[in-house]
Novice: 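Please see the structure below; I have some questions.
Keep in mind the model is a prediction, meaning the values are calculated, not measured. When reading the values below, keep in mind they use all heavy atoms of this one structure, side chains included, and skip hydrogens, waters and symmetry mates.
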Number of protein chains: 6
Amino acid sequence: MPEFPRVHENGFVGQVDNAQVPRFAGPSTFAQLPRLDEVGSADLAVVGIPFDAGVSYRSGARFGPAHIRGASKLLRPYNPAVDLSPFATMQVADAGDLVANPFSLEEAITGIERGARELKERADRMLVLGGDHTVALPLLRALKSDDQIAVIHFDAHLDTWDTYFGAAYTHGTPFRRASEEGLIDTSACVHVGTRGPLYGARDLVDDRELGFAMVPATEIDALGTAGVAERILARVGDRPAYISIDIDVLDPAFAPGTGTPEAGGMTSRELLAILRQLSGLNIVGADIVEVSPAYDHAEITGIAASHTAYELISAMSPRTDTRSDA
Amino acid sequence: MPEFPRVHENGFVGQVDNAQVPRFAGPSTFAQLPRLDEVGSADLAVVGIPFDAGVSYRSGARFGPAHIRGASKLLRPYNPAVDLSPFATMQVADAGDLVANPFSLEEAITGIERGARELKERADRMLVLGGDHTVALPLLRALKSDDQIAVIHFDAHLDTWDTYFGAAYTHGTPFRRASEEGLIDTSACVHVGTRGPLYGARDLVDDRELGFAMVPATEIDALGTAGVAERILARVGDRPAYISIDIDVLDPAFAPGTGTPEAGGMTSRELLAILRQLSGLNIVGADIVEVSPAYDHAEITGIAASHTAYELISAMSPRTDTRSDA
Amino acid sequence: MPEFPRVHENGFVGQVDNAQVPRFAGPSTFAQLPRLDEVGSADLAVVGIPFDAGVSYRSGARFGPAHIRGASKLLRPYNPAVDLSPFATMQVADAGDLVANPFSLEEAITGIERGARELKERADRMLVLGGDHTVALPLLRALKSDDQIAVIHFDAHLDTWDTYFGAAYTHGTPFRRASEEGLIDTSACVHVGTRGPLYGARDLVDDRELGFAMVPATEIDALGTAGVAERILARVGDRPAYISIDIDVLDPAFAPGTGTPEAGGMTSRELLAILRQLSGLNIVGADIVEVSPAYDHAEITGIAASHTAYELISAMSPRTDTRSDA
Amino acid sequence: MPEFPRVHENGFVGQVDNAQVPRFAGPSTFAQLPRLDEVGSADLAVVGIPFDAGVSYRSGARFGPAHIRGASKLLRPYNPAVDLSPFATMQVADAGDLVANPFSLEEAITGIERGARELKERADRMLVLGGDHTVALPLLRALKSDDQIAVIHFDAHLDTWDTYFGAAYTHGTPFRRASEEGLIDTSACVHVGTRGPLYGARDLVDDRELGFAMVPATEIDALGTAGVAERILARVGDRPAYISIDIDVLDPAFAPGTGTPEAGGMTSRELLAILRQLSGLNIVGADIVEVSPAYDHAEITGIAASHTAYELISAMSPRTDTRSDA
Amino acid sequence: MPEFPRVHENGFVGQVDNAQVPRFAGPSTFAQLPRLDEVGSADLAVVGIPFDAGVSYRSGARFGPAHIRGASKLLRPYNPAVDLSPFATMQVADAGDLVANPFSLEEAITGIERGARELKERADRMLVLGGDHTVALPLLRALKSDDQIAVIHFDAHLDTWDTYFGAAYTHGTPFRRASEEGLIDTSACVHVGTRGPLYGARDLVDDRELGFAMVPATEIDALGTAGVAERILARVGDRPAYISIDIDVLDPAFAPGTGTPEAGGMTSRELLAILRQLSGLNIVGADIVEVSPAYDHAEITGIAASHTAYELISAMSPRTDTRSDA
Amino acid sequence: MPEFPRVHENGFVGQVDNAQVPRFAGPSTFAQLPRLDEVGSADLAVVGIPFDAGVSYRSGARFGPAHIRGASKLLRPYNPAVDLSPFATMQVADAGDLVANPFSLEEAITGIERGARELKERADRMLVLGGDHTVALPLLRALKSDDQIAVIHFDAHLDTWDTYFGAAYTHGTPFRRASEEGLIDTSACVHVGTRGPLYGARDLVDDRELGFAMVPATEIDALGTAGVAERILARVGDRPAYISIDIDVLDPAFAPGTGTPEAGGMTSRELLAILRQLSGLNIVGADIVEVSPAYDHAEITGIAASHTAYELISAMSPRTDTRSDA
């Protein structure tokens, strides 16, 4: 039975040993890592927020966390692209799901914030599996400490709209709310991969006036992934950073399972390459949102999301003295 | 261009003539019928309510109306099973979609009720394409006149729960609310096709105490469709009747595209056979809800729903002097 | 390599031996039977007609033959339901595909007739894998000898319409044409499983005036499969019979992969049960048409069609002295 | 966070409270029941065996346990069809997955037997989620005590073949092996739902000579579900019974997600109805096997399997003094 | 109800206001624009041609127009990539579907030409949603005025074959026919994205002798999208241009829903980038063809097609004095 | 009937003439080429190995050969990218499937080696359609002559692991075994497209110590396809080369139908471009493995695989005096 999590020399409990348990068997935690209650506390908690009452088009992201966890069974301990074994350099654990009221956006946001604050007491940092993008607001509330946060926002959309059908809290508005609430330092925030039609030119003006910068999808070919990463690094500096990844930043070919797809997006190779260059940042939290499994096929989206999660975890790992000599 | 709706001798405008326009071409109204604004008013309006904020499991019914309309292209003018051309015996028209706030259950319900009341001024009766089952409550509010309504409720579930996560208005509660508001005469109401696990024996007790009767799925084999219809007719009598069909009354094999599927359900042949025996009733309105296209395949669910709609329309048709002599 | 067809004691070459070759390997002929050119001639030829230019709604039946062959890999030599090893009682072979011009209905029909006549010289009888229902006309032309043919027509639709968009030869008209051409004895013909809306009451009148009888889907429950078979047998008598099975006679739950699905159809268990009771007839040919793989899922339709084919072959087998003593 | 399993008055820990945690959130154990390690021991353990090296056609059942658990989120505490709250009448827990070597049938069988024996020390009875049908043999080995076991075998196939490609242990042979090893009393065993082509008439003879009885699918209509249940009950008597359900006993329309589908099968309503009549038996174990998710759609098969599991658990529940008075 | 199209200051009626009506509700016209009959006439008409009798492999493009319209619900008014609100700079309207005889290629072509000519009287320019590529010929006939047209042809294939099965008018021949009829100036025509196997080297020679130029897919990496656009612009000059986009110019990953897919194609980002550089041309018409929904998944192809349509509309918009100052 | 393979002037029998037989009709051999038994012997044999008992995650590659053959119907005789008609420059034939024991890895490997050796007597070279990657080992055994072979290994994974669950022969170990057996010259071998997490840094060290070189996916953007090809050519030199292509070298967007997908892979355009630059090599054999159809959609993966096969065949063609003068 899959009850034998591998314990690293430094005491960190890692993934189930796939020499003993096939990857298609065993626990359904993220990457078959231990549950948070098994290890008590963690350096990094992976936590799901099954919630999608804030979406404006296709729903279904409520099943996102389970789907990403399912696809994460393919992950292994060592990340050759950055020469790191992230689960051996810190304790990573799966904290299960935060509960969000599916029938009330306000209560959901309150509940998520409360849950995230509780989780912070047991985990230094957190990687959230959404859920729709509404969840970013309560997460920023919970993560904000003295310094305002710099959000690195990968998304086809701006998510800085004001209201929608009178609702202030939806998946299209979290970063405007966060800005209004003083949670984030928009002068250090940047949208990456933005594309697709908007309601009006005013959308861009408003976003700029709020202080955000943008690397639209149309500039990626010219910049290359190194150029994109450079812009992000220059913008964020040493501020506490939050990386928020709407999976629709990928082209629908790479992420069909999402709610508001837009043609002309990034490839998964580009997204992973950019993330690998962000490891020097002070990342206090991250999310991967808008994975809607009912529209996925053969886990294309789930695999892209779980690999994205893996790179985020790698980027959040301490790097000293853990590199292989190989 | 598909601008040639066939006008019947009695002046009723029917479906686009498929001898002129292939069924895969032409307008996307229900059964390629005229829009309500084309004919001004109607005996029966088919109207969509793209809304699913009230669901407790799989979402997606917001795309239900478009999906049922798409599958309805296969419908033709004459219903041999009941020897009737329903679109020639009364004016049926597609009233488009009612708008429901996707972010607020309360506002959605208010909006749907308002929309339905407005529609009533232009259409004697209405057939609603949902949307989730939450919509039944505002519809009953709009349809209720002097007499309480008898609800014939085809569904795997009771939908008489009280609240869910503190929410009084969800897809699991409309008939309890309707009972509390005095809209329906529960002594004439009946659930048909109920099955699957419940939260407790109390669920059944409560439902019975509210006054509902039940023909569970487990009794269908013994009763046959004639026996089921008999029970319904005896229960309803000549009260104004509202037929509410949650597509999950069908087995998942016949309706995979829905939100809370339960094994062991009805076949589409059984459902259609029962409906054909209800034409003597005084049907003031009807709905088909919980069609969630993201989970459908090859329009299996959409076709079952559109044929169900067709039988409902037939059952709501005036029957005198329209029968063929053939 | 799958080059070892099993030779029966009587010299008939049967299926590839699945004790030597896994069923997922080996040739893609129907049921892994020999090709007609391998055995020279056959008692029964299975032949595909990849053609769908005659369809009025969803196309795709041009891929039907390959799909049914793929699903037929699951068939085994012995049919316990009728206690018969059909491939051991006669030589059955796969004759490949007849060529039909995809851009001209007229040329296609001529080509199919010519191909079928050529095939008749090498095979006593034939089972056709369609293709759309248009193919039934040229097949009846090729099969007609002195006696008119009795058609047993399983279908949701009548297929006795006159023209469609000016076209006399479509998938909705073969049996009217066959009647006009004197190929069939309509007084012995019967539609089975008919259902769904029609263009008008006139459709039924016309069909009856042409001489056809009907067992609509709505009567199946009352008759049972034995009652349906009885009606067919009484109607056909000892005339040369042609069994034409539009896969849409099955409910969309049992055959999603088809072009004009109608809710409320037969189950595959019912269809197979009826066919098993028709073995006493003098069956000169048969077809299974309207399998459209792009709409199939997990070969549900393909499997239903290949099992249907298997029962048709069994029904066309000589029965004397081949029964097991078991 | 979903860490609040509901504790019944009798101390049994039940499902997560869905008034607190939406069903789409929370743990991925079967029916959101506690893990076996949470409760220490159990009256009934649900355990997965992700294994499919024994299949002869479509593979993929290795993902079956996770898929059935996913679909089981829809199950609720109270079973109205038999008036029972199974998780309140005994402690049911999810024991995770047994490990089976994916590359060696022999080692897998040894491993499964060992795992099942270990599990028996912590759980009185077990319900296995397969995996392919090979797993039944080691399970019967582990469950066999003094009395031979009566197997009630729901399946399209006999699974009493001898060898396949020289392999003695495959998904087509478990019950012949079990018979040879003296684990089962074949005079009390019965196949239910058998259908589809066989390799030869000899298959039936052999099976009968081994001592098995059969209720083929072709007899279900005549017998009705009560008649089928009667035959099973008469056959099994008060012997220790093992219920083995190959999901392909259902028609492909009701269970597309399986490895060797055969047309003409049972409906889920029939299967559930039969199982509900078996509660008087002394059931020592049960399995549901051959669920292959890659071929499923919208969880049709997963839902059928999870409801089947639920009825099996209900049938294995103690019945005294737990019935509601309602 | 979605009866409130937004009227721009200049009188143009635009999309339904999604602040009032959710995008998943409302009319199913392209981009929820007004119907042509609502506005009487238009600067640009979007019109469907549901027709696929000309295809040589997978059929299904007859459902293309409805599918692209469905996916176009995600489009919004402002195109940031080219800083333009196309529906505010001219009147764009949905003209419904042209009728094409599904059973006769000749009649279909005649009908399409007639329909397009009638449409021209009410709309200055047109964007056609196919339908298979056969439709390009009658469209060029209808659009040809004094000057021959320069066709910018995005496609994996040349579509300059001569005949196929004796048919002169198929989806593989429109541009040879157009050349023979003198409709187009081949010295200004260019194929873009050509790739995949051909029948022979002669195909290329013939195409070149007809006068066409080519930018094969193999050159895109070296040229970049700017280089490709440059070649197109240089070739076309100021001639009246027709942009014909077979969706199979995209790689199957980006457009699975098509009839003759070829590996190694363009990304949607590349296609959109090239189109954005063509706005200076004098575009008299355009089409997007070969979208076959039965092979699409999660609207990947539909979204790519609707975004392509949006860029085409943008490229056909007048550009003076409409740019935002932002 | 599709019995008219086109004979080239040089006597080579090529594909079925699609001017006579539509591509969706006719034989299901690879590219509708003749069977090996039709032509007796061949310069190049395409042969399937339906086998997947060696996979560690998703199974299903046993259906790979049939799937690739199905998708290969779209291939035509002339390859414009390299100006070559490969089926006219040598005799290419389909040798059917090799038989591999599905229940024993050892017997399967023995059987494949034996089958490949027999095939070598009738075909100078072979292109294998897998099947899982386990098959590469027996193929290398059969192909090895005096000189060790240089393997050009396109794959997301290294496939040089040692054992898995005690099994020495799995899809993750063929190249380590081949190295140990002295079949390959690892100093000339190269992995291309490697990416994704590993079990540990040791995996890379081991692989390097075995002598392999690597072009990981992360370097493709910088190198371009020409740079990748250069590295391969420099590494291999004039040694006998074997090209082994695990379809998972493509990104899941381009090849969803595979068993162990990893995000961040190659595009099909990149893979085809690299292969086109390898024609100068002395290629003694090749394989395309790990195509798992149950996870494919709309043949995306099948088409990528069949086009890859086509380029491999082109690269293995003699080049002198066959180029067109066009």
Novice: Which answer fits B:Asp203, side chain, backbone, both or neither, if we ask what part of it has an atom under 4.5 Å from a heavy atom of chain D?
Specialist: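 When you check distances to chain D, no heavy atom of B:Asp203 falls under 4.5 Å.
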
Novice: Under the 3.5 angstrom rule, does the side chain of B:Arg58 hit a backbone N or O of D:Ala298 as a donor-acceptor pair?
Specialist: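 Judged by distance alone, yes, a pair lies under 3.5 Å.
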
Novice: Is a side-chain donor-acceptor pair under 3.5 Å present for B:Asp251 with D:Thr267?
Specialist: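 Checked: D:Thr267/B:Asp251 side chains show no N/O donor-acceptor pair below 3.5 Å.
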
Novice: Sort D:Tyr310 into side chain, backbone, both or neither according to what part of it lies under 4.5 angstrom from a heavy atom of chain B.
Specialist: side chain

Novice: What residues of residues 255-266 of chain B sit under 4.5 Å from chain D when only non-hydrogen atoms are counted?
Specialist: B:Pro256, B:Thr260, B:Pro261, B:Glu262, B:Ala263, B:Gly264, B:Gly265, B:Met266

Novice: Check whether D:Ala273 gets within reach of chain B through its side chain, its backbone, both or neither, counting any heavy atom under 4.5 Å.
Specialist: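 Contact with chain B involves no heavy atom of D:Ala273 at all.
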
Novice: Given a strict heavy-atom distance threshold of 4.5 Å, which part of D:Glu270 is in contact with chain B: side chain, backbone, both, or neither?
Specialist: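 When you check distances to chain B, no heavy atom of D:Glu270 falls under 4.5 Å.
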
Novice: Where does B:Arg195 contact chain D at under 4.5 Å (heavy atoms): side chain, backbone, both or neither?
Specialist: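 Neither part, no heavy atoms under 4.5 Å.
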
Novice: For residues 49-57 of chain B, give me every residue with a non-hydrogen atom less than 4.5 Å from any non-hydrogen atom of chain D.
Specialist: B:Ser56, B:Tyr57

Novice: Using a cut-off of under 4.5 Å for heavy-atom pairs, which of B:Pro252, B:Gly200, B:Ser292 has the most such pairs with chain D?
Specialist: B:Gly200

Novice: Does the side chain of B:Tyr199 come within less than 4.5 Å of D:Pro77's, by heavy atoms?
Specialist: yes

Novice: Please determine whether the number of non-hydrogen atoms from other residues, nucleotides or ligands lying under 6.0 Å from atom CD of D:Glu230 exceeds 12.
Specialist: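 Check fails, neighbour count at 12 or below.
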
Novice: Under a 4.5 Å heavy-atom cutoff, which of B:Ile220, B:Thr194, B:Leu198 has the most pairs with chain D?
Specialist: B:Leu198

Novice: At a heavy-atom distance under 4.5 Å, which candidate from D:Thr225, D:Ile303, D:Leu272 has the highest pair count against chain B?
Specialist: D:Ile303

Novice: Suppose we screen for salt bridge (Lys or Arg N to Asp or Glu O under 4.0 Å). Which residues come up paired with D:Glu219, at least two apart in sequence or across chains?
Specialist: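 Here the qualifying residues are D:Arg231.
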
Novice: Is there side-chain contact between B:Thr218 and D:Arg269, with at least one heavy-atom pair below 4.5 Å?
Specialist: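 No, side chains not in contact.
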
Novice: Sub-4.5 Å heavy-atom contacts with chain D: which residues of residues 63-70 of chain B show up?
Specialist: none

Novice: Under the 3.5 angstrom rule, does the side chain of D:His297 hit a backbone N or O of B:Tyr295 as a donor-acceptor pair?
Specialist: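 Indeed, once roles are kept as given, a pair shorter than 3.5 Å links the two residues.
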
Novice: State, yes or no, whether a side-chain contact exists between B:Pro197 and D:Asn79 at a heavy-atom distance under 4.5 Å.
Specialist: no

Novice: Do you know which of D:Thr308, D:Thr301, D:Ile300, D:Leu75 has the most heavy-atom pairs with chain B at a distance under 4.5 angstrom?
Specialist: D:Ile300

Novice: For the residue pair B:Phe165 and D:Asn18, what are the closest heavy atoms and their distance?
Specialist: CE1-O, 3.5 Å

